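Below is one structure, written out as structure tokens, with a few remarks after it.
Just so it is clear, the values below take in all heavy atoms, side chains as well, and ignore hydrogens, waters and symmetry mates. Everything quoted here is computed from the prediction, not taken from an experiment.
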Amino acid sequence: MKGLRLLQRPMLHSGFCRSLVGMFAILVLLSGCAIDRLLNSSEPVEGSVIDPTAVKTREGGLRVYRAAMLGFTRAFVEVAYSTAIFTDELTAVDEFTNNSPTALDSRHVTILGLPGILNDLAYNNLHVARVNAAQAITLLQKFGSRQDSLLIGESYAVQAQAIVYLAEMFCNGVPLTQVPFDGGLEYTRGLSTNELFEAAVALFDTAILYANDSIRVSEFAKIGKGRALVNLGRYDEARDIVRDVQSSYLYSLSYTNATGGVPFWKGTDHQNQTIIEIINGEGGVGMDWIATDHAMQDPRVRVTATSPHRQQKLSGASLSVSVSKGVEARMIEAEALLQPPNSPSGDWLEPINIARATVGLAALEDPGTSTARIDLLFRERAFWFYHEGHRLADYRRLVRQYNRPVLTVYPNGPYTRGAWRILAYDANYVFSPPRGEEINNHLYSGCTDLQP
């Protein structure tokens with residue numbers, strides 16, 4: 001092969017690059033991510049031919065690392081926005097079409113595989129992030145210097161976090177196709193949700209080793225590992241890994257018009273301000289996000305004072321958005337101490353109240369029953385992690401690990417907003433991989449099941 005011609009950004013499924021071979025796969029993925037000049041990386045002209053040996057350098061490894069970070073940055077927007085509409089965090093009030101936000105809000109799109117919808121974009125970019133992160137690790141280990149240990153650690157953590165999002169959002173049975181540096185594609189069967197979380201735990205462990213003394217990377221990996229362990233029901237292990245994480249810790253991603261995603265969160269002239277609202281009690285079971293008296297509004301969920309209420313937590317042309325934060329460690333500790341809910345193993349309210357004190361909220365008291373305790377914990381999680389990609393995972397854990405009936409957790413209608421209404425929600429409780437996955441991956445035959 002004399003060279004590699006750069007491609008237009010593809011719609012990537014796990015069969016996303018079946019035409020790619022060997023080490024050249026990563027260059028196509030890299031060009032597919034359209035590495036932003038904002039990230040201080042030169043971007044070749046579309047259609048130009050690159051010397052395939054150029055990537056086999058430290059600079060090549062750094063470029064692929066940047067591509068992984070950009071894919072992760074874009075994926076997080078789609079994770080946060082699609083899960084917010086799918087749950088009760090945001091509500092769509094537009095005309096119903098198959099790929100409209102209203103379709104997503106009514107859980108109509110999860111099995112249609114329509115191109116361009118947010119959950120498909122999230123799936124694609126999560127795979128872009130994890131594959132590029134794996135390739136960056138290979139390149140930096142081989143061609144990098146000792147100072148690149150931290151970037152390798154962060155790449156392991158990003159790879160792991162991408163897998164956590166896949167496990168939290170999508171059905172039981174998601175493949176993790178690999179793109180080895182020196183060989184073609186390695187398709188996999190669909191992995192169970194628990195297998196995905198286990199894979200993420202192992203990657204987070206490696207990230208912690210490479211992070212050395214870097215709090216930024218090690219805390220990100222510890223929180224991510226704790227999150228995966230809680231999803232596995234391994235509460236004591238989760239508590240142990242996060243106990244030293246500071247409540248003030250933040251791992252944030254920066255957004256501008258160049259990196260993508262900001263249109264979902266702009267303060268004016270976009271769907272977020274015209275057809276997306278926040279309401280209380282969506283579908284009969286949603287949260288009461290909005291206080292009757294705006295002066296009493298919870299500071300963790302910023303909304304406009306008058307109806308229709310719009311979210312203001314993430315709004316503007318340039319944003320720094322938290323992907324991981326120290327208060328999650330406190331919520332993990334609280335949940336571990338709450339086991340079993342009818343007879344907690346420790347003062348489970350202490351970490352919750354430590355977190356509340358950081359934003360000036362009064363301490364809470366034990367409501368006294370197992371059901372009320374779980375309600376309180378998940379209510380706190382809902383406010384702390386509003387519109388940050390946690391809500392669907394919390395829905396699923398309430399059903400899967402706390403045996404809540406599904407229709408007491410998921411909005412189930414009907415509701416009316418203005419001229420548009422949802423008469424009923426579809427019985428879809430998770431997202432499904434795009435149809436291209438099943439078409440292109442000969443080892444994959446679809447979701448094992450669609451249960452939470």
Side-chain angles (χ1 to χ4, degrees), residues 38-39 65-66 68-81 83-84 89 129 133 150-151 153-162 164-165 168 200 204 207-208 210-228 230 238-239 241-256 259 261-262 264-265 298-302 311-335 351-361 380-391 393-394:
L38 182 70
L39 298 182
Y65 159 79
R66 295 185 189 106
M69 293 304 300
L70 181 59
F72 184 63
T73 299
R74 285 174 169 158
F76 180 73
V77 177
E78 294 139 7
V79 168
Y81 200 66
T83 56
E89 290 181 316
L150 185 58
L151 299 184
E154 189 170 15
S155 297
Y156 271 113
V158 164
Q159 187 180 5
Q161 190 63 51
V164 167
Y165 286 138
E168 290 180 341
F204 280 127
I208 292 168
Y210 272 96
N212 296 322
D213 296 328
S214 168
I215 291 176
R216 178 176 179 272
V217 174
S218 64
E219 307 285 77
F220 177 35
K222 287 176 182 179
I223 293 169
K225 180 180 178 181
R227 180 171 178 168
V230 164
R239 181 190 176 203
I241 195 64
V242 303
R243 68 169 70 245
D244 295 328
V245 174
Q246 296 297 308
S247 298
S248 58
Y249 170 77
L250 291 175
Y251 181 94
S252 300
L253 298 175
S254 296
Y255 291 88
T256 68
T259 54
V262 170
F264 295 130
W265 293 325
D298 193 296
R300 297 168 292 184
V301 179
R302 294 173 51 214
Q311 70 86 15
Q312 291 187 310
K313 178 178 180 178
L314 304 174
S315 180
S318 181
L319 297 172
S320 179
V321 181
S322 297
V323 173
S324 179
K325 54 191 181 185
V327 292
E328 185 172 354
R330 306 290 82 80
M331 297 303 107
I332 290 170
E333 288 177 320
E335 190 162 357
I352 288 177
N353 286 330
I354 288 172
R356 287 175 62 88
T358 65
V359 290
L361 292 171
E380 283 297 292
R381 289 182 58 87
F383 278 104
W384 276 117
F385 308 132
Y386 176 77
H387 204 353
E388 293 178 5
H390 284 260
R391 189 68 169 150
D394 282 358

Fill in: salt bridge (charged side-chain N to carboxylate O under 4.0 Å, His left out) against Arg300, all qualifying residues, sequence neighbours excluded
Asp298, Glu380
Worksheet item: Who passes salt bridge (charged side-chain N to carboxylate O under 4.0 Å, His left out) against Arg216, sequence neighbours left out?
Response: Glu154
So, using side chain to side chain donor-acceptor pair (under 3.5 Å) as the criterion, who are the partners of [X] when residues are at least two apart?
X	answer
Glu168	Arg227, Asn231
Ser320	none
Arg239	none
Lys222	none

Non-neighbouring partners of [X] that pass side chain to side chain contact (heavy atoms under 4.5 Å, CB included), sequence neighbours left out:
X	result
Ala200	Ala160, Ile163, Val164, Phe204
Ala211	Val217, Ser218
Asp394	Phe378, Arg381, Arg397

Between [atom1] of [X] and [atom2] of [Y], what distance do you get to the nearest 0.5 Å?
X	Y	atom1	atom2	result
Tyr156	Leu151	OH	CG	13.5 Å
Thr73	Leu253	OG1	CG	4.5 Å
Met331	Glu333	CE	CD	9.0 Å
Asp244	Glu219	CG	CD	8.0 Å
Ser322	His387	OG	NE2	13.0 Å

With sequence neighbours left out, write down each residue that passes ring pair (Phe, Tyr, Trp, His ring centres under 6.0 Å) with [X], or none if nothing qualifies.
X	value
Tyr65	none
Phe220	Tyr251
Tyr386	Trp289

Practice prompt. Take Tyr165 and Thr83, measure what side-chain contact (heavy atoms from CB on, under 4.5 Å) needs, and give me the verdict at the end.
Written response: CA-CA 11 Å; Tyr165 286 138; Thr83 56; over 6 Å; no
Under 3.5 Å, is there a donor-acceptor pair between the side chain of [X] and the main chain of [Y]?
X	Y	value
Lys325	Ser247	no
Arg330	Pro351	no
Gln246	Ser248	no

Side chains of [X] and [Y]: closer than 4.5 Å at any heavy-atom pair?
X	Y	result
Ser155	Tyr210	no
Arg391	Phe385	no
Met69	Val158	yes

Shortest non-hydrogen contact from [X] to [Y]?
X	Y	value
Val79	Gly389	CG1-CA, 4.2 Å
Ala238	Ile332	CB-CG2, 3.7 Å
Gly226	Val242	CA-CG1, 4.2 Å
Val245	Ala329	CB-CB, 3.8 Å
Ala355	Val327	CB-CG1, 4.0 Å
Pro299	Arg302	O-CG, 3.9 Å

Discussion item. Checking Leu314 against Tyr81 for the side-chain contact (heavy atoms from CB on, under 4.5 Å) test, could you report, in this order, the C-alpha distance in whole Å, the side-chain angles of both residues, the deciding distance, and whether it holds?
Written reply: CA-CA 11 Å; Leu314 304 174; Tyr81 200 66; over 6 Å; no
Item to complete: Dump the intermediate steps for side-chain contact (heavy atoms from CB on, under 4.5 Å) on Leu150 and Asn212, then the final yes or no.
Response: CA-CA 8 Å; Leu150 185 58; Asn212 296 322; over 6 Å; no
Worksheet item: Given the rule in the side-chain contact (heavy atoms from CB on, under 4.5 Å) test, do Trp384 and Glu328 qualify, once you have shown the distances and angles that lead to the verdict?
Response: CA-CA 8 Å; Trp384 276 117; Glu328 185 172 354; over 6 Å; no
